[in-house]
Amino acid sequence: MRYVVAVRALCEFTAKQGDLDLRFTPSSSAEEGKTGHRIVASRRHADYQTEISVTGEYRELTVRGRADGYDPQRGRLEEIKTYRGELDAMPDNHRALHWAQLRVYGWLFCQQARVPSIELALVYYDITTGHETVLTKTASAAALKAAFEQQCTRFIDWAAQERAHRAARDAMLHGLQLPFPAFRVGQRELAEAVYRAALGARVLLAQAPTGIGKTLGTLFPLLKACPRASIDKVFFLSAKSPGRQLALDSLQSLTRGAVGPRRSTESTESAESAESATESARAGSGMAGRTGIGARAPRSVPALPLRVVELVARDKACEYPGNACTGQACTLAQGFYDRLPAAREAALARYWLDRGALREVGLTHRVCPYYLGQELVRWADVIVGDYNYYFDTGAPLFALTVQNQWRVAVLVDEAHNLPERARAMYSATLEQGELAYLARGARGTLGTALRRLQRCWNTLNRAQAEPYRASDVLPDAWLCALQRAVGAIGEHLAEPQLVPDVRLERFYLDAIHFMRIAERFDEHWMFDVTLATLEGAAARATWRSTLCIRNVVPAAALRARVAAVHSMTLFSATLWPARFYRDLLGLPDDTVNVDVASPFSAAQLAVYVTPSISTRYRDRQASLGALVERIASQYAALPGNYLCFFSSFEYLEQAAALFSATHPSIPVWRQARAMDEPAQRAFIAHFEPHGRGIGFAVLGGAFAEGIDLPGTRLVGTFIATLGMPQINAVNEQLRERMQRLFSAGFDYTYLFPGVQKVVQAAGRVIRSETDRGVVHLLDDRFMRRDVRALLPCWWKVELESRR
């Protein structure tokens with residue numbers, strides 16, 4: 001059996017050495033890199049060849065890649081690298097890796113072209129200045145062949161191990177069974193849709209009710225499909241930490257043949273509800289018979305040889321957050337690549353590599369746990385992480401997928417969050433106040449560049465008479481000044497620094513991101529200026545403003561990410577209407593839409609609308625008393641645990657204060673601003689089985705989705721808002737653009753996102769077929785036909801007056 005590897009992957013495995021070094025030499029984006037390659041090629045003569053495919057073999061290993069350029073007049077093979085800042089500041093191990101790649105390309109080219117020697121050239125292109133630096137070496141084919149075979153020999157032993165692992169993994173996945181005897185109602189339909197999408201290489205948009213076990217119901221069929229569809233890796237992407245834990249818990253239940261203790265999230269929702277489970281059949285689905293969810297499987301089920309890696313944010317994994325990522329500053333960066341092989345082998349022998357396991361292996365082998373996880377992605381079967389690891393501008397999972405030509409299947413958990421998260425990823429903001437601070441203390445070339453940018457910024461401010469202004473064009477003069485400032489900051493940061501200037505570094509990265517987003521600017525973005533003060537014409541020279549390139553529709557940015565995967569399943573309890581998500585996310589025309597029927601009935605959930613209450617901002621004070629009494633009367637009729645959701649913390653505090661004053665005997669707990677994870681857990685801990693009390697929370701916040709409060713832990717919710725975004729200058733600009741693009745400005749900006757939050761919050765009540773509860777929709781607008789059409793079809797909504 002042959003093993004195929006890309007030149008870059010071969011060299012990254014065999015040629016990296018020395019320290020981990022992440023000093024401020026930020027690489028170019030993929031778009032900038034392509035542009036740089038085109039510019040360099042355009043400077044060569046007409047016979048210059050680009051993108052030369054090369055392939056070679058050594059024993060059972062096939063190595064392939066594309067050399068950037070070949071100059072037949074000089075007999076020179078070129079590898080083009082784009083960069084920013086000072087070339088001299090590039091770490092030595094980076095340049096050593098570049099030479100290693102070029103030598104491999106050199107041998108493969110010599111072999112194909114049958115030439116005895118070749119000139120090799122590393123071409124470094126500065127994307128800021130357009131300057132080329134060319135480093136050359138001449139090498140014989142014999143020397144290049146010897147180096148190539150030495151690298152291949154090092155890789156082949158590892159390749160044999162990887163082949164054995166892949167064979168064992170696929171064999172086990174063929175016979176994979178869930179640790180429960182049957183699917184829950186609705187779960188089988190979801191699982192079959194995911195399975196078919198994976199085999200058919202399709203994108204699936206799956207709306208499935210909260211409480212049926214979507215996480216396990218998507219992971220199981222996708223893993224089953226991996227051997228048949230030749231899928232290399234599965235990415236499970238979540239919007240929040242609880243979603244990541246859902247996936248880890250579900251994977252543990254599959255790999256260990258048992259389910260661990262229940263968590264305070266949706267993670268084991270399907271694992272603990274066997275009452276109405278039904279037997280699954282082999283026919284039709286292609287999946288294993290008598291598998292499903294509901295009760296524990298025999299403990300004789302063998303562990304699955306599945307390598308699972310959890311990716312967390314760098315600031316959460318860093319052992320020394322105050323230190324730079326260099327060998328001089330951090331002991332876990334020093335000699336990182338020298339110790340990586342042993343750490344990698346020890347880690348992969350464990351298979352299960354969540355945050356805790358990565359930390360343990362990393363500290364044992366004295367390598368950074370965060371970057372160890374990044375390296376292990378190449379050898380993992382399932383990667384669990386946040387959306388940004390695949391969808392963001394510099395997403396590492398996307399880059400590795402493209403570079404290594406992996407066949408990847410992606411699961412996007414709670415996908416209703418993706419449009420707003422993607423907008424944030426592809427937006428960029430700069431604060432003038434931060435520039436003013438940096439310019440005051442800057443000297444020399446840096447100070448000149450920052451002050452020039454400040455003057456251009458003030459010119460923008462003086463041209464604006466209103467506090468907020470949006471535009472369809474970018475300020476070219478200001479962008480030129482920003483580019484010069486970025487170049488000056490890069491040169492400054494490349495110099496040895498006694499004390500790192502954290503604020504300058506942060507502004508530098510933000511400015512680079514701003515320029516990269518500016519390169520994408522089209523009708524899917526808008527540029528806006530927000531003035532901090534407006535105190536008359538005399539004060540304009542001292543105004544401070546915020547500049548933003550605001551993404552409106554992330555479809556154009558996400559389309560390449562969607563196209564790069566073998567299959568993708570986006571799932572949530574609220575993905576309706578489907579056209580809204582297809583338009584915003586850039587999903588292909590042949591996207592499959594599935595709306596899984598709810599296993600729950602109207603008899604389980606009483607839904608009431610109170611048309612006499614208006615929660616509009618202008619009506620809140622007048623209706624606050626009636627709202628509080630409605631909550632109190634429901635509590636008196638059915639004492640238990642309730643959640644009340646409001647549109648803002650201010651509204652929450654007003655309602656909670658009045659409720660506590662008028663009903664002091666009823667326990668109350670409140671969501672606070674910026675609650676950390678321990679505080680969130682403490683809030684959830686109040687919801688004990690058969691408990692009594694009322695939690696006050698914000699709609700769309702940490703407690704409105706992704707938490708699991710089954711049975712008597714939660715018997716009802718009150719939703720005192722339609723959930724629509726606030727009407728302000730920014731949202732009105734979004735509405736106008738949505739109207740222009742989709743003829744649905746109000747719906748896409750306000751209505752659909754608002755009702756989606758309502759349904760998510762209401763979904764906390766019914767978590768299994770045995771649950772019973774009540775939902776109160778406390779706003780007269782819930783009587784509108786367009787709003788009612790977006791509510792779950794199994795709800796039977798009644799007027800409060802009819803009770």
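Quick note: numbers below take in every heavy atom, side chains included, and nothing from hydrogens, waters or symmetry partners.
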For [X] and [Y], test the side chains for any donor-to-acceptor distance below 3.5 angstrom and give the result as yes or no.
X	Y	value
N731	T749	no
H98	Y124	yes
Y387	N417	no

| request: Check the pair F742, L584 against side chain to side chain contact (heavy atoms under 4.5 Å, CB included), reporting the backbone distance first and the verdict last. | output: CA-CA 10 Å; F742 306 114; L584 292 192; 4.2 Å; yes
When rounded to the nearest 0.5 angstrom, what is the spacing between [atom1] in [X] and [atom2] in [Y]?
X	Y	atom1	atom2	value
W525	S471	CH2	OG	15.5 Å
F521	L479	CZ	CG	10.0 Å
S241	L246	OG	CG	11.0 Å
T326	Q334	OG1	CD	9.5 Å
Y437	F507	OH	CZ	13.5 Å
H37	E79	NE2	CD	6.5 Å

| field | Residue that, paired with S647, satisfies side-chain contact (heavy atoms from CB on, under 4.5 Å) out of Q726, M724, K757, R620 | value |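 Of all the options given, the one that passes is R620.
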| task | Begin with the C-alpha distance, continue with both residues' side-chain angles, and end with the deciding distance and a verdict on side chain to side chain contact (heavy atoms under 4.5 Å, CB included) for Y651 and V698. | result | CA-CA 9 Å; Y651 194 15; V698 170; over 6 Å; no
| message | Among K240, R314, R421, exactly one meets salt bridge (Lys or Arg N to Asp or Glu O under 4.0 Å) together with D386. Which residue is that? | response |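 Looking at K240, R314, R421, the match for D386 under the salt bridge (Lys or Arg N to Asp or Glu O under 4.0 Å) is R421.
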| message | Salt bridge check, R516 against E519: does any charged N sit closer than 4.0 Å to a carboxylate O? | response |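 No, no charged N to carboxylate O under 4.0 Å.
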| query | Does the distance from a Lys or Arg side-chain N to an Asp or Glu carboxylate O, for D354 and R244, drop under 4.0 Å? | reply |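 Salt bridge flag = no for R244 with D354.
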Exceeds 12 heavy-atom contacts within 6.0 angstrom, atom [atom1] of [X]:
X	atom1	value
R359	CZ	no
R670	CZ	yes
F746	CZ	yes

Could you tell me whether the side chain of [X] and the main chain of [Y] form a donor-acceptor pair under 3.5 Å?
X	Y	value
D392	G394	no
R484	L453	no
E319	C368	no

| How are the rings of F235 and Y390 set relative to one another: parallel (under 30°), tilted (30 to 60°) or perpendicular (over 60°)? |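 Ring orientation, 0 to 90° scale: tilted.
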| field | Parallel, tilted or perpendicular: ring planes of F696 versus F646, cut at 30 and 60 degrees | value |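 Ring orientation, 0 to 90° scale: parallel.
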| So Y83 and D126, side chain to side chain contact (heavy atoms under 4.5 Å, CB included) or not? Walk me through it. | CA-CA 5 Å; Y83 73 100; D126 187 334; 3.6 Å; yes
| task | List the steps, then state whether ring-ring contact (aromatic ring centres under 6.0 Å, His included) holds for W478 with F527. | result | CA-CA 13 Å; W478 181 89; F527 172 73; 7.1 Å; no
| Criterion salt bridge (charged side-chain N to carboxylate O under 4.0 Å, His left out) on R378 and E12, from CA distance to verdict | CA-CA 10 Å; R378 294 170 170 82; E12 286 181 340; 2.9 Å; yes
| field | Pairs meeting criterion side-chain hydrogen bond (donor to acceptor under 3.5 Å, both in side chains) with involvement of residues 438-454, two or more places apart | value |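 Of all non-adjacent pairs touching residues 438-454, those that pass side-chain hydrogen bond (donor to acceptor under 3.5 Å, both in side chains) are Q432-Q454.
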| Heavy-atom closest contact (T393 atom, R561 atom, distance) |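 What the structure gives for the nearest pair is O-NH2, 3.3 Å.
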| Residue pair P369 / G362: nearest heavy atoms and the distance that separates them |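 Shortest heavy-atom contact: CG-CA, 4.5 Å.
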| message | Is there a side chain to side chain contact (heavy atoms under 4.5 Å, CB included) between L435 and L450? Walk through the geometry before answering. | response | CA-CA 7 Å; L435 172 63; L450 293 181; 3.8 Å; yes
